[in-house]
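Structure, as structure tokens:
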Amino acid sequence: MESFRGFHPGELGAGQRLKIQARVPQGREYHFSPRVVKVIPATELRWRRWRLIEGVFDREQAFLIVPNGIKGVRFIQREHFSGFLAPLIMHLFQRKHSKL
């Protein structure tokens with residue numbers, strides 16, 4: 001947490017590009033640059049990214065913070081896939097993971 005004390009991303013608005021670096025538990029690292037779709041400070045961040053060409057296989061991710069009583073919040077992360085290849089890719093993904 002110490003490394004986050006000085007972190008300040010600046011103003012964030014729809015249409016901006018982010019540079020994201022993520023690491024999964026197996027150690028593989030991913031880099032991507034989604035476009036911000038919606039920002040409501042302290043409430044919602046939504047971005048969209050696609051592979052190669054927009055409209056083929058798009059992914060929108062939403063991060064929501066919802067008040068949950070007096071002492072807490074509920075953090076919700078959602079994903080929505082669209083594009084003309086989305087039904088096929090999601091079907092293959094579900095088949096692969098149903099065998100695990």
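- Applying the salt bridge (charged side-chain N to carboxylate O under 4.0 Å, His left out) test to pairs two or more places apart or on separate chains, those with a residue in residues 76-87 are Arg59-Glu79.
- Pairing each heavy atom of Ala14 with each of Val37, the nearest pair is CB-O, 3.4 Å.
- When side chains are defined from C-beta on, Glu29 counts as touching Gln21, because their heavy atoms get closer than 4.5 Å.
- Checking side-chain atoms of Arg17 against main-chain N and O of Ser33 turns up a donor-acceptor pair under 3.5 Å.
- Once rounded to the nearest 0.5 Å, the distance linking CG of Asp58 with CZ of Arg35 reads 12.0 Å.
- For the pair Gln61 and Arg48, the minimum side-chain heavy-atom distance is 4.5 Å or more.
- The CH2 atom of Trp50 sits 11.0 Å away from atom CD of Glu60, with the distance rounded to the nearest 0.5 Å.
- Distance check, rounded to the nearest 0.5 Å: CZ of Phe75 to CG of Leu64 gives 8.0 Å.
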| message | side-chain contact (heavy atoms from CB on, under 4.5 Å), that's the test. Do Phe63 and Trp47 meet it? Break it down for me. | response | CA-CA 9 Å; Phe63 304 91; Trp47 69 53; 3.5 Å; yes
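- Rounding to the nearest 0.5 Å places CG of Leu12 at 6.0 Å from CG of Leu45.
- Cluster membership check: Val39 does not share its hydrophobic cluster with Val66, using side-chain heavy-atom separations under 4.5 Å among Ile, Leu, Val, Met, Phe, Trp and Tyr.
- One hydrophobic cluster, built from ILVMFWY side chains closer than 4.5 Å, cannot hold both Val73 and Ile40; they sit in different ones.
- Looking only at side-chain heavy atoms (C-beta outward), Tyr30 and Val24 come within less than 4.5 Å of each other.
- Separating the CG atom in Leu85 from the NE2 atom in His91 is a distance of 14.0 Å, to the nearest 0.5 Å.
- Side-chain contact check for Val36 versus Leu18: some heavy-atom pair is nearer than 4.5 Å.
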